[in-house]
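Notes to accompany the following structure.
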Amino acid sequence: MAESAQTPAGGTDACMSTALRKEYLAALGLESWVVRTPASAAPQVASAPAVAAVPVASAAPRPVALKGGAADAEPAGAEREAAYDWTQLRERVAACTRCGLSATRTQTVFGVGNLTAEWMVVGEAPGAEEDLLGEPFVGRAGQLLNSMLRAIGLKREQVYIANMLKCRPPHNRDPLASETAECSPYLERQIALVKPKLMLVVGRIAAQRLLQTDAPLGRLRQQVHAFGASRVPLVVTYHPAYLLRDPLNKAKAWEDLKFAREVSARG
Ligand code: URA
């Protein structure tokens, strides 16, 4: 297991003890995951590769297409949100009726965390517990997300966490394209306000919608994408809910987290 951890800022993580790291990785289900090099059988070291060694997605993804609601006299999409501060944005989201999910939600789930975070984690949509509590990633998937972040030296409070959709789709069905389009300006404004150095997008649906692609998650991970006009570096990994169902992919998620940390360390 990687013992020479680095902080997201790229420095050696001297303050995280081996025992603590083991504890975090155990929470990820990776306590017995050891990669051995053929020559030395030494544990794999999570060192940042040269910048050129990190593949960069060649085609810059376009931001999600935005549109206004039907019969909406206001400016379309992101133009409506572009001037909002945090308070105004939160109020607009809480009162939103742009799509049918407003009829079935308990409440909107805005986002949580450090408003000037270097890392922004983006998920798909609230689930049942998030819908009840009004905070993203508070259920079992949220616990695993917290462990994933801790494994790379980040506390939940250090990052900003939001979803592509602010309302729960009934029975956790996949978001409709129209719901994504109506809700995206809110996320885009959150990104513009936080100004993250890195976006970590969890799960196929959020990744495909944000990057406007049908590519499978396996092809989207381990690349640096660029999101939106400000080309925020964006890294994709598995959704923690998926990892709960398919723990074998936790090792790949760990690779993605280390990759994201390398990208973020580049500044
Ligand atoms: N899954 C998500 O994508 N977001 C949440 O907030 C909870 C579960």
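Here the structure is a predicted model, which means the values were calculated and not measured. We count ligands from 1, going down the list as the structure has it; atoms in each ligand are counted the same way. Hydrogens, waters and symmetry mates are skipped; everything else that's a heavy atom, side chains included, is used.
Residues Y242 and R245 have side chains in contact (heavy-atom distance under 4.5 Å, counting atoms from C-beta outward).
By the criterion of a heavy-atom distance under 4.0 Å, neither the backbone nor the side chain of A241 is placed next to ligand 1. Under 4.0 angstrom from ligand 1, the non-hydrogen atoms of P136 come from both its backbone and its side chain. The backbone and the side chain of E124 each have at least one atom closer than 4.0 Å to an atom of ligand 1 (non-hydrogen atoms only).
Only one option out of V159, L257, I161, V122 pairs with L200 in a side-chain contact (heavy atoms from CB on, under 4.5 Å); it is L257.
Near G123, meaning under 4.0 Å from one of its heavy atoms, ligand 1 places the atoms 3 (O). Heavy-atom contacts of H239 reach the following atoms of ligand 1: 1 (N), 2 (C), 3 (O) (cutoff under 4.0 Å).
Aromatic rings of W86 and Y160 (six-membered ring for Trp) have centroids within the 6.0 Å cut-off, being under it.
Within the structure, the closest approach of E129 to ligand 1 does not fall below 4.0 Å when heavy atoms are considered.
A donor-acceptor pair shorter than 3.5 Å cannot be found between the side chains of Q208 and D214. No side-chain N or O of R221 forms a donor-acceptor pair with one of T237 less than 3.5 Å apart.
Summary of contacts: the protein heavy atom closest to atom 2 (C) of ligand 1 is A125 O, 3.1 Å. The single protein non-hydrogen atom nearest to atom 4 (N) of ligand 1 is N163 OD1, 2.8 Å, given as residue, atom name and distance.
A salt bridge is absent between K252 and E255: the closest approach of a Lys/Arg side-chain nitrogen to an acidic carboxylate oxygen does not fall below 4.0 angstrom.
The shortest N or O to N or O distance between F137 and ligand 1 is below 3.5 Å.
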Between E130 and R105, is the salt bridge (Lys or Arg N to Asp or Glu O under 4.0 Å) condition met? List the steps. CA-CA 10 Å; E130 290 77 19; R105 72 185 179 218; over 6 Å; no
